[in-house]
Peer 1: 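There's a structure below that I have some questions on.
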Number of protein chains: 2
Amino acid sequence: MRLTSKGRYAVMALVDLAKFNDINPVSLRDISLRQGISLDYLEQIFSKLRKKAIVQSVRGNQGGYVLNKKANEIKLTNIFDAVDEKVKTVQCKKESKKGCNGKPTKCLTHNLWDELENHINDFFEKKSLEDLIKDNIERRI
Amino acid sequence: MRLTSKGRYAVMALVDLAKFNDINPVSLRDISLRQGISLDYLEQIFSKLRKKAIVQSVRGNQGGYVLNKKANEIKLTNIFDAVDEKVKTVQCKKESKKGCNGKPTKCLTHNLWDELENHINDFFEKKSLEDLIKDNIERRI
DNA sequence: TATATACTTGACTAAATTAGTCAGGTTTAT
DNA sequence: ATAAACCTGACTAATTTAGTCAAGTATATA
Ligand code: FES
Ligand code: FES
C-alpha cells in the first residue's frame, strides 16, 4: 500500500498555496521552486483541482492560483478525490454483486478490506487544510 | 493507495487455513481451488509465511500447512510484514535526515503522512486472524 | 498594442511495480 | 516405487506511476 506522488504533491502544493493565499495569487512557478515539484506536473494537478472547484485561477501577468474555499472547508478527501488518488482495498468491483476471482460470492476477506477502507477514509475526512497549516506553524515555533 | 493482491491473498489463504487447521494439515492445492488463487503464487506466499514462523509445513503425502501460533496471536501486521506488504506513505527515506525531493529538510506534509501511516498500522495491529474467523462465522449465520 | 508571464491541454514515455507463470527440483507417507 | 506435496529461483506481461514535452491560449501591464 503506497501513497502516490500525485496525491502527496497535491497536498504539499495546497499547503504552500494556503500560506500565501491572502496576499496574492500564487504562481505555480513559485510553488514549483519552493517545493521542488516539476512545473509541468503541477499544471496537471492544478488543472484537476480547478475543475473540482478547490482552487481558482487568475490569469495574466502576476496571476496564479487562489483557494476557492476557506481552508477549513477543504478536507483531504476533497483533494484526493480531485486528483484521483483513491483508496482501493478490495479486488472486486464494489458495485457488482460478483466477488473477486470470478466467484459468485464475496471472498472471505471482503468485509475486512471494506473496514480498512473506511478506516483510512475517516482519516482523510477529518483532516482539513487548515489543520495542516496550523500544524505546520506550530512545528516552526 | 491500493492494497496489493499478495497481501490480500495471504490473509484470504490464512483464514481458509485456520478454518480447517484443527483437523488436518491443509494443502495449498485445496486452498488454491477453494479461493481461486494460483497454486504457484500461493507457494511463494506460504514460503514467506513459513520463514516468519506464521505457519508450519507438513511434508509428504497428505501433508500441507498448519498454523504455527494460535489464531488470536496472529495479527494482520504479522501477516503483512511476512509477505512484504508494507504501508508506505512518505516519499523520503524514513531514517535519513534528508527530506524528499533532495531538500535538506522534511517537506511540509511529512508529519501528515506519518500520522496516516500510524493510523493505518493501528488497524492492522488490532485485527487478529481469530477476529476474522469469528466475523466470517457470524456472517454465515 | 507588444510582450512577457502564466495558465491550459493532450500526447507521449521511461521506469517501477505487480501479479503472476514456468521449470525443475526435493521430501516423505503409503 | 511413486505420487502427493512442498520448495526455489528465474522470468515475463501487463499495469501503473511519475513524470516530460510540445504547442498552444489568455491577460495584466508597460
Ligand atoms: S475483495 Fe470483494 S470479494 Fe474479494
Ligand atoms: S515525505 Fe518525508 S520529507 Fe516529504
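Letters A, B, ... mirror the listed sequences (proteins, then strands); counts begin at 1. What you see is a predicted model; the values in this text were computed from it and never measured.
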Peer 1: Pick the nucleotide of DNA chain C nearest each of Leu28(A) and Gly60(B); which residue has the one closer to the 5' end?
Peer 2: Leu28(A)

Peer 1: Would you mind telling me which residue lines up with the more 5' stretch of DNA chain C, Leu39(A) or Tyr41(B), judged by nearest nucleotide?
Peer 2: Leu39(A)

Peer 1: Measure the distance from NZ on Lys6(A) to P on dT20(D) and round it to the nearest whole Å.
Peer 2: 12 Å

Peer 1: If you only use heavy atoms from C-beta on, which nucleotide in dC7(D), dA5(D), dT27(D) is closest to the side chain of Ser27(B)?
Peer 2: dA5(D)

Peer 1: Does Ser47(B) make a side-chain N or O approach to OP1 or OP2 of dC6(D) shorter than 4.0 Å?
Peer 2: no

Peer 1: For the pair Asp84(B) and Lys6(B), find out whether any cationic side-chain nitrogen is under 4.0 Å from an anionic carboxylate oxygen.
Peer 2: no

Peer 1: Tell me: CG of Leu33(B) to P of dA5(D), nearest whole Å?
Peer 2: 11 Å

Peer 1: If you look only at pairs with a residue in residues 70-81 of chain A, which of them pass as a salt bridge (charged side-chain N to carboxylate O under 4.0 Å, His left out), with sequence neighbours excluded?
Peer 2: Lys52(A)-Asp81(A)

Peer 1: Measure the NZ-CH2 distance between Lys88(A) and Trp113(A) for me, rounded to the nearest 0.5 Å.
Peer 2: 13.5 Å

Peer 1: According to a 4.5 Å side-chain heavy-atom criterion applied to Ile, Leu, Val, Met, Phe, Trp and Tyr, with indirect links allowed, do Leu33(B) and Leu14(B) form part of one hydrophobic cluster?
Peer 2: no

Peer 1: Is the closest side-chain heavy-atom distance between Thr89(A) and Met1(A) below 4.5 Å?
Peer 2: yes

Peer 1: Starting at atom CG of Leu49(B), determine the distance to atom P of dT8(D), rounded to an integer number of angstrom.
Peer 2: 13 Å

Peer 1: Going by modelled atom types, is there a donor-acceptor pair between the base of dT20(D) and the side chain of Gln44(A) at under 3.5 Å?
Peer 2: yes

Peer 1: Could you check whether Lys127(B) pairs with Glu115(A) (Lys NZ or Arg NE/NH1/NH2 to Asp/Glu carboxylate O, under 4.0 Å)?
Peer 2: yes

Peer 1: For DNA chain C, note the earliest and the latest nucleotide, 5' to 3', having some atom under 4.0 Å of a heavy atom belonging to chain B.
Peer 2: dT18(C) to dA29(C)

Peer 1: Take Arg8(A) and Val58(A), find for each the nucleotide of DNA chain D with the closest heavy atom, and name the residue whose nucleotide sits nearer the 5' end.
Peer 2: Arg8(A)

Peer 1: Counting the atoms with a prime plus P, OP1 and OP2 as sugar-phosphate, which does Tyr65(A) contact under 4.0 Å by heavy atoms, base, sugar-phosphate, or nothing?
Peer 2: sugar-phosphate

